[in-house]
Amino acid sequence: MLFCHSQPEHYWPTPAEHYQNPHSTIYREPMQLPFLKQEDQPLFVPLCPAFQCILYAPSSPAIKLYEETLTYLNQGQSYEIRLLSNWKGIGDLSEGRRLLRSVVRVVFHDRRLQYSERQQLESWQLNHPGDRILDLDVPLSVGVTDPLVNPNTLNTIEFLWDPSKRTSVFIQVNCISTEFTQRKNGGEKGAPFRVQVDTYKGDAHGGFTEHLYSCSCQVKVFKPKGADRKQKTDREKVEKRSALEREKYQPDSETTVLTECIPWPDIEAPRSPPSTFRMPTPERVCASPVCASDSSTECSGESLSPSSSISETQQWLVRNRFSNYCRTFSNFTGADLLKFSRKDLTQICGVADGIRLAHSLNARSVRPRLTLYITTDTPEKKITDDTNQTVYQELYLEEITAAELTTKVADLFSIPANHIQQISRTGPHGIHILLSDTMVRHMPDESCFLASLQKLQNSDSFHCILR
């Protein structure tokens with residue numbers, strides 16, 4: 001369905017008209033030469049990119065030259081992103097394939113928050129049930145066809161548009177920057193976001209797989225009217241400086257031009273229905289063959305070596321039940337992973353998995369719940385040569401049950417566990433007390449026992465006695 005706006009027909013400017021006075025320092029004016037010689041010089045033709053996206057919100061005047069622009073937005077306010085096209089390839093497309101697909105998303109600018117994006121979005125969703133981070137204002141949008149706002153992707157919207165016609169999409173950002181920082185000191189201390197637009201064209205099979213253009217800009221989101229106050233504060237701060245100092249800052253601009261960037265991961269994926277749409281985050285489950293094994297694999301207990309290669313690091317993550325983070329650490333060697341502190345890992349993987357990964361990297365073993373020292377009553381006495389003392393072997397119990405102790409003792413005697421029919425402990429006056437789960441739970445830690453086996457009559461089973 002095509003959503004039209006009640007405005008007069010758009011007059012599409014020529015490239016020279018649209019880019020004749022750019023605010024950006026990318027387009028430099030030609031050097032003025034002396035009179036008469038200037039007549040022989042070719043006319044200056046401004047550069048005209050194939051695509052350009054303009055966010056109709058003023059950029060901060062407190063940003064120095066050659067630094068990336070920063071734009072302040074108000075929470076919940078509709079802002080226009082105008083999509084301009086001078087793409088020559090549209091003439092090669094048939095009438096039914098002229099539509100392009102664009103995806104607009106709000107992502108984190110900070111690399112650490114990018115690693116923990118999934119946890120951050122889930123936490124925000126729990127605190128704001130039913131709300132979205134990014135919304136599409138359909139009544140104000142112009143030239144937008146088949147918009148898709150998927151409930152499973154809070155920070156992404158997508159739509160189709162015709163590059164030969166005027167297209168403007170209005171977006172609303174409903175989260176504020178301070179919601180993703182530990183200290184709530186106001187928007188100026190909050191986490192910056194990126195508004196990114198990825199565009200690609202359709203193929204012969206009806207999907208949109210060929211990437212054409214990606215651009216983004218840095219923004220911070222304030223509570224309603226907070227962006228206006230911050231903009232005014234920045235302008236006053238720059239105006240108080242000297243004329244020489246003011247030349248170091250970018251000139252005022254009522255709009256923000258999104259700069260070209262690399263496409264978002266999986267941007268070439270075909271348009272998916274809401275039921276199967278997946279939000280691409282740096283922490284999604286790895287789909288490579290190395291990471292596709294069962295996540296319930298037992299922890300090997302071996303530590304990660306600093307000399308481990310990338311593939312060895314990936315295998316170590318799988319063996320230690322961290323396959324969900326294979327994609328996050330896809331380019332990390334063992335030395336890279338060992339450089340992370342516990343705080344870094346909790347920010348990347350979340351508190352629970354971050355602590356577990358930190359312990360695994362440091363080869364921190366879990367203390368057993370019960371430790372017993374047992375020696376066997378066999379003809380071959382295990383005696384040291386220097387002290388003439390009996391040597392004990394340790395047994396570590398995790399479940400603290402009689403069945404677990406029976407299995408451990410059977411391994412000690414190198415016999416199958418089902419050959420030990422019962423196990424008892426010597427009590428007062430030499431009586432034998434049948435061992436139960438309750439008795440095992442009440443055994444003092446690091447107790448010492450002498451274990452002996454008595455073969456039962458007419459059977460291959462044994463009776464184990466702990467003294």
Side-chain angles (χ1 to χ4, degrees), residues 5 7-8 10-29 46-49 51-86 102 104 106 109 134 136-137 139-144 166-173 176-177 187-188 190 192-197 215-241 243 245-261:
H5 195 270
Q7 293 184 359
H10 175 67
Y11 169 71
W12 195 258
T14 64
E17 291 174 341
H18 186 79
Y19 299 101
Q20 60 181 351
N21 290 315
H23 295 285
S24 174
T25 57
I26 297 177
Y27 309 102
R28 301 177 181 269
E29 295 183 359
L47 298 177
C48 183
F51 293 94
Q52 192 173 54
C53 297
I54 301 177
L55 173 63
Y56 279 75
S59 57
S60 171
I63 303 300
K64 292 186 177 181
L65 294 173
Y66 309 111
E67 290 184 357
E68 185 181 10
T69 60
L70 176 61
T71 304
Y72 303 131
L73 305 180
N74 289 317
Q75 179 188 21
Q77 182 174 332
S78 296
Y79 290 93
E80 178 185 4
I81 298 180
R82 182 167 297 181
L83 285 73
L84 304 175
S85 173
N86 192 45
S102 287
V104 183
V106 174
H109 177 76
L134 181 63
L136 173 64
D137 195 340
L140 292 180
S141 300
V142 179
V144 174
R166 176 186 178 183
T167 303
S168 293
V169 56
F170 283 77
I171 64 170
Q172 298 173 345
V173 183
I176 59 178
S177 296
E188 65 275 12
F193 304 117
R194 299 200 69 82
V195 175
Q196 179 160 337
V197 182
C215 57
S216 65
C217 68
Q218 184 182 185
V219 301
K220 279 190 176 182
V221 185
F222 294 75
K223 291 183 178 180
K225 298 186 178 181
D228 304 325
R229 292 191 293 267
K230 179 61 176 174
Q231 188 80 9
K232 180 180 178 181
T233 302
D234 286 358
R235 185 179 297 106
E236 293 175 350
K237 181 174 63 175
V238 174
E239 290 175 352
K240 292 179 181 179
R241 299 181 179 272
E245 289 290 328
R246 287 198 298 268
E247 293 180 357
K248 299 180 180 179
Y249 292 89
Q250 298 181 12
D252 289 340
S253 176
E254 294 301 321
T255 60
T256 302
V257 179
L258 279 67
T259 56
E260 188 171 0
C261 65

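The two residues Val169 and Ser141 have their closest heavy-atom pair at CA-OG, 3.7 Å. Listed here is the closest heavy atom pair of Lys220 and Pro192: CG-CA, 4.0 Å. Scanning all heavy atoms of the two residues, the minimum distance from Gln75 to Pro224 falls at OE1-CD, 3.8 Å. The shortest heavy-atom contact between Leu258 and Val195 is CD2-O, 3.8 Å.
Atoms CD1 and CG, on Ile81 and Leu83 in that order, are 7.5 Å from each other to the nearest 0.5 Å. The CZ atom of Arg82 sits 11.5 Å away from atom CD of Gln52, with the distance rounded to the nearest 0.5 Å. We find the CD1-OH distance between Ile171 and Tyr79 to be 9.5 Å, quoted to the nearest 0.5 Å. Rounding to the nearest 0.5 Å places CG of Asn74 at 8.5 Å from CZ of Arg229. Lys232 NZ to Arg235 CZ: the interatomic distance, rounded to the nearest 0.5 Å, is 9.5 Å. Taken from CZ in Arg194 to CD in Glu68, the straight-line distance is 4.0 Å, to the nearest 0.5 Å.
Thr255 contributes no side-chain N or O that, together with a main-chain N or O of Tyr56, makes up a donor-acceptor pair within less than 3.5 Å. Side chain of Arg246 to main chain of Arg241: a donor-acceptor pair is present (N/O by atom type, distance under 3.5 Å, no hydrogens or angles).
In this view, Tyr72 and Phe222 satisfy the ring-ring contact (aromatic ring centres under 6.0 Å, His included) rule, not counting sequence neighbours. With sequence neighbours excluded, no residue satisfies salt bridge (charged side-chain N to carboxylate O under 4.0 Å, His left out) with Glu236.
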Sequence neighbours excluded and cut-off under 3.5 Å, please list the side-chain donor-acceptor pairs for residues 58-65, or say none.
{"unit_1": "Ser60", "atom_1": "OG", "unit_2": "Ala62", "atom_2": "N", "d": "3.2"}
{"unit_1": "Ser60", "atom_1": "OG", "unit_2": "Asp234", "atom_2": "OD2", "d": "2.9"}

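A donor atom on one side chain and an acceptor atom on the other are found under 3.5 Å apart for Thr256 and Thr71.
Annotation: side chain of Gln172 is not in contact with side chain of Phe170 (no heavy-atom distance under 4.5 Å).
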